[in-house]
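Atoms within a ligand are numbered from 1 in the order they appear, just like the ligands themselves. All values reported here derive from a predicted model rather than from experimental measurement.
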Amino acid sequence: MRQFGHFIDGQMHGTGGDRWLPVHDPALGRVYAEVADGDAADVDAAVTAAAGAFPDWAAQPNDRRARWLERLADALEARTDDFAHAEARDGGKPFALARDVEIPRAVANLRFFAHAATQFSSESHHGQAGLNYTLRTPLGVVGTISPWNLPLYLFTWKIAPALAAGNTVVAKPSEVTPATATLLGELAAEIGFPAGALNIVHGRGAEVGEAIVAHPGIRAISFTGSTAVGRRIAGIAGPLLKKLSLELGGKNPTLVFADSDWQAHLDTLVRSAFQNSGQICLCGSRILVERRIYNAFREAFVEAALALRIGDPMDSDARLGPLVSQAHFDKVLAAIARARDEGATVLCGGEALQRPGWFVAPTVLEGLGPDCATNREEIFGPVATLQPFDDDAQALALANAGDYGLAASLWTRDLDRAHRLAAALRAGIVWINTWLMRDLRTPFGGMGQSGMGREGGLEAMRFFTEPKNVGIQLSS
Ligand code: NAD
């Protein structure tokens, strides 16, 4: 059986005590591989390697570090199909989505931050008190912890800026989807990426994740995952005064106004709810529709949801695959049962597919208000609710109800309304007449229970560096 081991100090490793966790193929609901069940000793070995590699890596001219990231990107791009296949297998992601969107985005992450390494600069201030300039130096060894829903995409989104800024990294992918991070480690070894600059430690969150967060040799933590775990990490890292970036859950609203071209955008609106079976933090799971078009929208939306083909991730016609794990499948079905208890009408879906694996039909619910758990708590599956609204004020109140504040999309042809609402929505990202449009230079992250700090572009380069003010007294 395939075993996914750690990548420490430039080499692939098994586990010290022959401890492995099962890795499942969600389309079959069966174990197909094992991943190293790491522990604090593995984290310690990775930190030692990273600390040893830090002086040389940090001292390299920026363009040399950029070149290494470019080489890794080139090697990954040349193996796109293999990586997409691996991601389809252990995450249940449709192969076409992995091949056409997510692996290319991982390549783009590496290239983007390779360029950022050569373009990043710091400020100088003069005219008030002497001459001041800011040095931005790497932090040292940093930890990154990423989730299962976009495995390589989010893994590279963190390691790339960390490395570009001159840090060395101890990275933990999700134990649920360890395949592509391991393959990336193998590629790094193949191209002779400087040993110890990038280290990958597998294992459970409570063991390896917490060991990374608590390790005294790790200066900063960049985490993407659930709000509950983010809170726990903040509890450990806070007293240690570690730099922390938390990208957490969401419960994103989609605001559809009667004047929008919603029929023409229907495919995007449906994707925004159900792409990757709703397992994207940016999916719109609360669809707010102006009452004048509510019935027509509901009919068209449900028809389009019913037409989504669900199937084996390797089936090129399948738009949706299974949910990632038995535990997540159970959680999503329990959320649907709770919605029924809360009085929801199930317009379509609402059940598992009668086949092996963890497939849940795209589910559209109506009849629930903003205060029920279904509209407040993240489900992270193919489940969306519809709520009508009468005017801008009510749309805004519904959109801003709840504790999360990650993303929102709003659909209207009224420019004035679009800008007014974009400013008033409590969300870190607002899309107007589009969804998931990404420019990697923009600040990425959420408000409230959706997180702390921003990733992307200069925000990431700033997070992974320490600013130091140098002030010089100039003679008059
Ligand atoms: P999770 O929080 O369960 O796990 C995320 C990572 O944290 C995994 O690698 C896990 O092993 C690790 N972990 C778990 N417990 C830990 C602990 N006590 N200490 C340290 N690390 C620990 O999240 P998940 O189920 O893998 O991912 C889904 C969640 O991620 C959803 O809530 C989703 O909204 C969120 N997400 C957010 C964004 C964003 O950018 N805001 C992007 C993708 C996913």
Checklist entry - What about W157 and F113, are their ring centers closer than 6.0 Å? => result yes
Checklist entry - Residues two or more places apart in sequence or in another chain: which of them pass side-chain hydrogen bond (donor to acceptor under 3.5 Å, both in side chains) with Q119? => result none
Checklist entry - Do Q275 and R319 have side-chain N/O donor and acceptor atoms under 3.5 Å apart? => result no
Checklist entry - Under the side chain to side chain contact (heavy atoms under 4.5 Å, CB included) test, which residues partner E207, sequence neighbours left out? => result D39, R204
Next on the checklist: Considering only residues two or more places apart or on different chains, which pairs with a residue in residues 326-339 satisfy side chain to side chain donor-acceptor pair (under 3.5 Å)?
Outcome noted: Q326-D330, Q326-W358, R338-E377
Just the distances, no angles: every ligand 1 N or O to protein N or O pair closer than 3.5 Å, one line each.
unit_1, atom_1, unit_2, atom_2, d
ligand 1, 2 (O), S226, N, 2.8
ligand 1, 2 (O), S226, OG, 2.6
ligand 1, 9 (O), S146, O, 2.8
ligand 1, 9 (O), K172, NZ, 3.2
ligand 1, 11 (O), K172, NZ, 2.9
ligand 1, 11 (O), E175, OE1, 2.7
ligand 1, 18 (N), E210, OE2, 2.8
ligand 1, 23 (O), S226, N, 3.4
ligand 1, 25 (O), W148, NE1, 2.8
ligand 1, 26 (O), W148, NE1, 3.2
ligand 1, 30 (O), G225, O, 3.4
ligand 1, 32 (O), E378, OE1, 2.6
ligand 1, 34 (O), E378, OE2, 2.5
ligand 1, 41 (N), L248, N, 3.3
ligand 1, 41 (N), L248, O, 2.7

Item to check | D25 and R30 ion-paired at < 4.0 Å | outcome: no
